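These notes concern the structure reproduced below.
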Amino acid sequence: MSKVILFGEPMAMFTAEEEGPLDEVEVFRRSLAGAEVNVCTGLTRLGHKVTYVTKLGEDPLGMYVKKFLDREGIGTEFITFDPIYKTGTMLKSKVSSGDPITAYYRKGSAFSHMKKEDIDKINFDGVSLIHVTGIPPALSLSCREATYRLIERAKENNCYITFDPNLRPALWESEEVMIKVINELASKCDLILPGVSEGLVLTGSSEPEKIADFYQKLGVKDVIIKEGSKGAYVRSGSQSLRQEGFKVDKVVDTVGAGDGFAVGIISSKLEGLGLKESVIRANAIGAIQVTFVSDNEGLPTREELEEFIKEN
């Protein structure tokens with residue numbers, strides 16, 4: 001079985017057990033967050049071999065993250081521990097409607113000290129695909145260099161490269177730098193997965209067809225634009241299609257839906273599925289995920305996924 005590599009920062013997440021401002025909540029529940037770790041988790045639950053590249057603090061939360069990854073069957077051979085800098089953390093509010101409030105504590109974290117030299121230690125034997133997001137290059141200049149180096153090494157090793165912009169404007173030094181770097185990274189990848197609102201920021205248009213045109217002119221072969229509950233627009237070469245999303249009874253938390261969508265696309269690519277089937281799977285996983293509070297607890301097994309698609 002071919003292997004997938006993901007690169008990013010896992011954070012210990014503390015979710016409020018009661019509604020209200022974060023500074024007034026007294027009880028929180030610990031879990032694990034991070035766009036890339038969510039994708040790792042979703043892929044392993046579907047039976048794929050995944051290895052995670054990251055740096056953790058040599059602290060109790062770093063040990064917690066490592067145990068979580070081991071329990072989920074995610075490869076940890078390229079994880080290093082930093083004795084000085086700490087594992088990133090975040091707080092998330094509880095809401096009955098709308099998006100939760102989040103507070104990040106990741107500036108100066110262990111992961112933000114990743115360097116391109118760390119990437120040079122990775123063994124690419126058996127790796128067929130790498131998944132990259134726009135979060136690591138936002139965290140520090142050394143992380144940015146590491147991201148470029150990872151893509152460079154993946155290309156040298158003939159890996160298929162998927163890229164999710166995952167825009168986090170607050171982490172960047174300016175919107176101008178964010179747009180320049182994200183689009184530069186995208187131009188080096190085989191597939192990009194922007195949301196419509198991200199497309200507007202990055203390309204100046206919220207029309208899926210124009211967003212696809214923009215990235216194909218940059219050299220990206222496959223462009224899949226997420227349209228939330230409406231579904232997705234897909235362009236692969238000269239082929240295009242629009243696929244409706246799935247309806248759910250109650251949306252509990254939209255965080256993690258995009259990562260679930262990425263799981264669907266990447267797993268389909270690994271299994272050689274066609275475009276339409278890939279996007280149906282991606283929409284289904286995204287829909288399942290919005291019915292759960294945690295960023296990754298709702299990610300389905302293969303049986304749960306097949307059952308959901310059959311029933312809907």
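None of these values were measured; they are calculated from a predicted model.
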Side chains of [X] and [Y]: does their closest heavy-atom pair fall under 4.5 Å?
X    : Y    : answer
L91  : Y105 : yes
V132 : L185 : no
V4   : L6   : yes
T133 : F163 : no
L150 : I122 : yes
Q289 : L299 : yes

For [Y], is there an ion pair with [X] - N to carboxylate O distance below 4.0 angstrom?
X    : Y    : answer
K226 : D164 : yes
R302 : E271 : yes
R149 : E152 : yes
R45  : E304 : no
E18  : K94  : no
K86  : E58  : no
E117 : K121 : no
K116 : D120 : no

- Task: Identify whether NZ of Lys or CZ of Arg in K92 sits under 6.0 Å from the centre of the six-membered ring of F14 and within 45° of that ring's axis.
- Result: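 No, cation not above the ring by the 6.0 Å, 45° rule.
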Neighbour count above 12 (heavy atom, 6.0 Å) for [X] [atom1]:
X    : atom1 : result
E77  : CD    : yes
L241 : CG    : yes
E173 : CD    : yes

- Message: Between F111 and F7 (judged by ring centroids, cut-off 6.0 Å), do the two rings come close enough to count as a pair?
- Response: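 Yes.
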Heavy atoms only: give me the nearest [X]-[Y] pair and the separation to one decimal.
X    : Y    : value
F261 : N283 : CE1-OD1, 3.2 Å
A146 : I119 : O-CG1, 3.4 Å
A284 : I309 : CB-CG1, 3.7 Å

In Å and rounded to the nearest 0.5 Å, what is the [atom1] to [atom2] distance from [X] to [Y]?
X    : Y    : atom1 : atom2 : value
T44  : Y52  : OG1   : OH    : 12.0 Å
F308 : I288 : CZ    : CD1   : 5.0 Å
K269 : I265 : NZ    : CD1   : 11.0 Å

With a 3.5 Å cut-off and no angle check, do the side chains of [X] and [Y] form a donor-acceptor pair?
X    : Y    : result
S267 : R281 : yes
S109 : E9   : yes
Q243 : Y233 : no
E72  : T41  : no
D59  : Y64  : no
S205 : T203 : no

- Query: Should the ring pair Y85 and H113 be called parallel, tilted or perpendicular, given that the plane angle runs from 0 to 90° and is split at 30 and 60?
  - Reply: parallel
- Message: Here's a test for you: under side-chain contact (heavy atoms from CB on, under 4.5 Å), which of D213, I225, L275, I211 qualifies with R235?
- Response: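 So, applying the side-chain contact (heavy atoms from CB on, under 4.5 Å) to R235 and each of D213, I225, L275, I211, only D213 qualifies.
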- Message: Side-chain heavy atoms nearer than 4.5 Å, only ILVMFWY residues, links allowed to pass through others: does that put L46 and L129 together?
- Response: yes
- Is L200 linked to L202 within one hydrophobic cluster, defined over Ile, Leu, Val, Met, Phe, Trp and Tyr using a side-chain heavy-atom separation of less than 4.5 Å?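 Each belongs to a different hydrophobic cluster.
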